[in-house]
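A short write-up of the structure that comes next.
No experiment lies behind these values; they were computed from the predicted model shown. Read the numbers this way: they start at 1 and go in the same order the structure lists the ligands and their atoms.
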Amino acid sequence: MKKSNPPHPPVPVWDAAVRLLHWSLVASVAAAWITRNRLGPLHENLGYAALAIACARVAWGFAGRHHARFAQFVRGPAATWAYARAVGAGRAPRHLGHNPLGGWMVVALLGCIGLLGFTGWLYTTDLFWGYGWLANLHEGLGWTLLGLVALHVGGVLFTGYKHRENLVRAMVTGRKAPPTGDDVP
Ligand code: HEM
Ligand code: HEM
């Protein structure tokens with residue numbers, strides 16, 4: 001009889017806070033985007049909700065554990081460049097947490113949402129209300145975020161395809177196959 005390999009049960013990677021914050025951030029950013037042309041409190045409050053969730057994620061990046069921490073996944077230029085070259089050569093190692101490019105994408109997404117919240121709020125103040133350049137800056141940041149999200153989802157699907165794993169499901173269940181071989185734990 002053929003001997004089967006021992007089972008490797010998935011291991012926890014994304015904690016409940018990371019998953020809850022991710023999917024509520026997706027919902028609030030999508031809702032703020034859809035209501036972008038409506039003047040008034042609806043778009044503004046949805047934008048503030050996205051801002052609050054992004055701030056909570058930043059705090060969790062320092063207070064949380066292991067794969068939730070910025071210190072775990074924000075890598076220096078040399079490590080990020082080496083990883084990007086490995087991706088180009090088709091031999092990038094699998095990362096249990098965020099890979100170095102994904103780590104910088106997290107920073108870019110959260111930073112862009114922070115700037116959107118700030119410029120949006122500024123535009124509602126008496127001092128800055130009606131300034132065309134500020135409205136244009138806010139709108140430009142909105143389109144920048146749309147581009148970043150497209151790259152983000154593209155990166156998620158590409159990496160999942162390369163390593164034959166469903167990363168979207170992992171962001172729902174929090175669990176991934178355990179690291180093997182050259183994987184980065
Ligand atoms: C408004 C849209 C989105 C924003 C602002 C966003 C933001 C983020 C952020 C901040 C993270 C880091 C998670 C953390 O460590 O807390 C992340 C990770 C992730 N996101 Fe999104 N996301 C968006 C849309 C999506 C969509 C539509 C999908 C599914 C197709 C998705 C799938 C994922 C996955 C799978 C990860 C984990 C990546 C990995 O395995 O390293 N995201 N996203
Ligand atoms: C994720 C968060 C946000 C996104 C993606 C976003 C996106 C956008 C975009 C793309 C526009 C341009 C609409 C157009 O002219 O086509 C816009 C307009 C506007 N947003 Fe936001 N926004 C966000 C948060 C906020 C916040 C927090 C506030 C204020 C409290 C705000 C206040 C405004 C205002 C007042 C306008 C109209 C500006 C004008 O008169 O041209 N937004 N938003």
Open item on the list: I'd like to check whether Arg57 has a polar contact with ligand 1, where a contact means an N/O of the residue lying under 3.5 Å from an N/O of the ligand.
Closed with: yes

Task: Numbering as shown, the atoms of ligand 1 that approach Val29 to under 4.0 Å (heavy-atom distance) - done: 1 (C)

TODO: Could you tell me whether His138 and ligand 2 have an N or O pair separated by under 3.5 Å?
DONE: yes

- [ ] Please work out whether any backbone atom (N, CA, C, O) or any side-chain heavy atom from C-beta onward of Trp121 is under 4.0 Å from ligand 2, and answer side chain, backbone, both or neither.
- [x] backbone

Open item on the list: I'd like to check which ligand 2 atoms, numbered from 1 as shown, lie under 4.0 Å from a non-hydrogen atom of Asn37.
Closed with: 13 (C), 14 (C), 15 (O), 16 (O)

Task: Asp183 side-chain N/O to Thr180 backbone N/O, donor-acceptor pair under 3.5 Å - done: yes

Task: Minimum-distance protein heavy atom relative to atom 35 (C) of ligand 1 - done: Leu167 O, 3.2 Å

TODO: Could you tell me the residue and atom name of the protein heavy atom closest to atom 39 (C) of ligand 1, and the distance to it rounded to 0.1 Å?
DONE: His98 ND1, 3.6 Å

- [ ] Return the minimal non-hydrogen interatomic distance between His8 and Pro178, and the atom names on each side.
- [x] CB-CG, 3.7 Å

- [ ] Might you point out which heavy atoms bring Ile113 and Ala54 nearest each other, and give the distance in Å?
- [x] CG2-CB, 3.9 Å

Open item on the list: List ligand 1 atoms under 4.0 Å from Val149, heavy atoms only on the residue side.
Closed with: 1 (C), 2 (C)

TODO: Can you figure out which of Met105, His152, Glu165 has its heavy atom closest to atom 18 (C) of ligand 1?
DONE: His152

- [ ] Report yes if some N/O of His43 lies less than 3.5 Å from some N/O of ligand 2; otherwise report no.
- [x] yes

TODO: Distance to 0.1 Å, residue and atom name: give those for the protein heavy atom nearest to atom 9 (C) of ligand 2.
DONE: Arg36 CB, 3.6 Å

TODO: Report whether Trp33 and Leu148 are members of the same hydrophobic cluster (ILVMFWY, side-chain heavy atoms less than 4.5 Å apart, transitive linking).
DONE: no

Task: Shortest non-hydrogen contact between Pro93 and Asp182, atoms and distance - done: CB-O, 3.8 Å

Task: Evaluation steps, side-chain contact (heavy atoms from CB on, under 4.5 Å), between Trp104 and Leu109 - done: CA-CA 9 Å; Trp104 281 107; Leu109 286 163; over 6 Å; no

- [ ] Just jot down the ligand 2 atoms closer than 4.0 angstrom to any heavy atom of Trp33, in number order.
- [x] 10 (C)

- [ ] Please write down residue, atom name and distance for the protein heavy atom closest to atom 7 (C) of ligand 1.
- [x] Leu109 CD1, 3.6 Å

Open item on the list: For residues Val184 and Val13: do they belong to one hydrophobic cluster (side chain heavy atoms under 4.5 Å, members Ile, Leu, Val, Met, Phe, Trp, Tyr)?
Closed with: no

Task: atom 1 (C) of ligand 2: nearest protein contact (heavy atom, Å) - done: Ala50 CB, 4.0 Å

Open item on the list: To check your reading of the model: name the closest protein heavy atom to atom 12 (C) of ligand 1, its residue, and the distance in Å.
Closed with: Val106 CG2, 3.4 Å

Open item on the list: Can a donor-acceptor pair be found, under 3.5 Å and without considering hydrogens, that links the side chain of Ser28 to the backbone of Leu25?
Closed with: yes

Open item on the list: What protein heavy atom lies closest to atom 28 (C) of ligand 1? Include the residue and the distance to one decimal.
Closed with: Trp23 CH2, 3.9 Å

Task: Sub-3.5 Å N/O-N/O distance, Asn99 and ligand 1 - done: no

Task: Cluster check Leu46, Val26: I/L/V/M/F/W/Y, side chain < 4.5 angstrom - done: no

Open item on the list: Among all protein heavy atoms in this structure, tell me which lies nearest to atom 38 (C) of ligand 2, with the distance rounded to 0.1 Å.
Closed with: Tyr123 CE2, 3.7 Å

- [ ] Compare every heavy atom of Phe62 with every heavy atom of Val58, then report the nearest pair and how far apart it is.
- [x] O-CD1, 3.2 Å

Open item on the list: Which heavy atom of Arg19 sits nearest to which heavy atom of Met171, and what is that distance?
Closed with: CG-O, 3.0 Å

- [ ] Measure from atom 36 (C) of ligand 1 to every heavy atom in Arg69, Met171, His163, Arg169 and give the option owning the shortest one.
- [x] Met171

Open item on the list: Has Arg69 got a side-chain atom pairing as donor or acceptor with Gly61's backbone, closer than 3.5 angstrom?
Closed with: no

Open item on the list: Quick test: of every protein heavy atom, which one is nearest to atom 41 (O) of ligand 2, and how far off is it to 0.1 Å?
Closed with: Ala135 CB, 3.6 Å

- [ ] List the atom of His98, the atom of Gly103, and the distance in Å for their closest heavy-atom pair.
- [x] CB-N, 4.0 Å

Open item on the list: Return the closest protein heavy atom for atom 8 (C) of ligand 1 as residue, atom name and distance.
Closed with: His22 CD2, 3.3 Å

TODO: Would you please determine whether Leu21 falls within less than 4.0 Å of ligand 1 on a heavy-atom basis?
DONE: no

- [ ] Could you walk me through whether Glu165 and Arg94 pass the salt bridge (Lys or Arg N to Asp or Glu O under 4.0 Å) test, one step at a time?
- [x] CA-CA 10 Å; Glu165 67 177 338; Arg94 172 177 179 257; 3.0 Å; yes

Open item on the list: Go through it in stages, so that I can follow the logic: the residues are Tyr83 and His95, the test is ring-ring contact (aromatic ring centres under 6.0 Å, His included), and I'd like the CA-CA distance, side-chain angles, deciding distance and then a yes or no.
Closed with: CA-CA 11 Å; Tyr83 179 81; His95 285 249; 5.3 Å; yes

TODO: For Leu116 and ligand 2, answer yes if some heavy atom of the residue is under 4.0 Å from a ligand atom, otherwise no.
DONE: yes

Open item on the list: Same cluster or not: Val87 versus Met105, using hydrophobic residues (I, L, V, M, F, W, Y) connected whenever any side-chain heavy atoms lie under 4.5 Å apart?
Closed with: no

Task: Proximal atoms of ligand 2 relative to Gly47 (non-hydrogen, under 4.0 Å) - done: 2 (C), 24 (C), 27 (C)

Open item on the list: Starting from atom 3 (C) of ligand 1, what is the nearest protein heavy atom, named by residue and atom, and what distance separates them?
Closed with: Val26 CG2, 3.8 Å

- [ ] Note the single closest protein heavy atom to atom 37 (C) of ligand 2, along with its residue, its atom name and the distance in Å.
- [x] Leu39 CD2, 3.8 Å

Open item on the list: Starting from atom 26 (C) of ligand 1, what is the nearest protein heavy atom, named by residue and atom, and what distance separates them?
Closed with: Val153 CG2, 3.7 Å

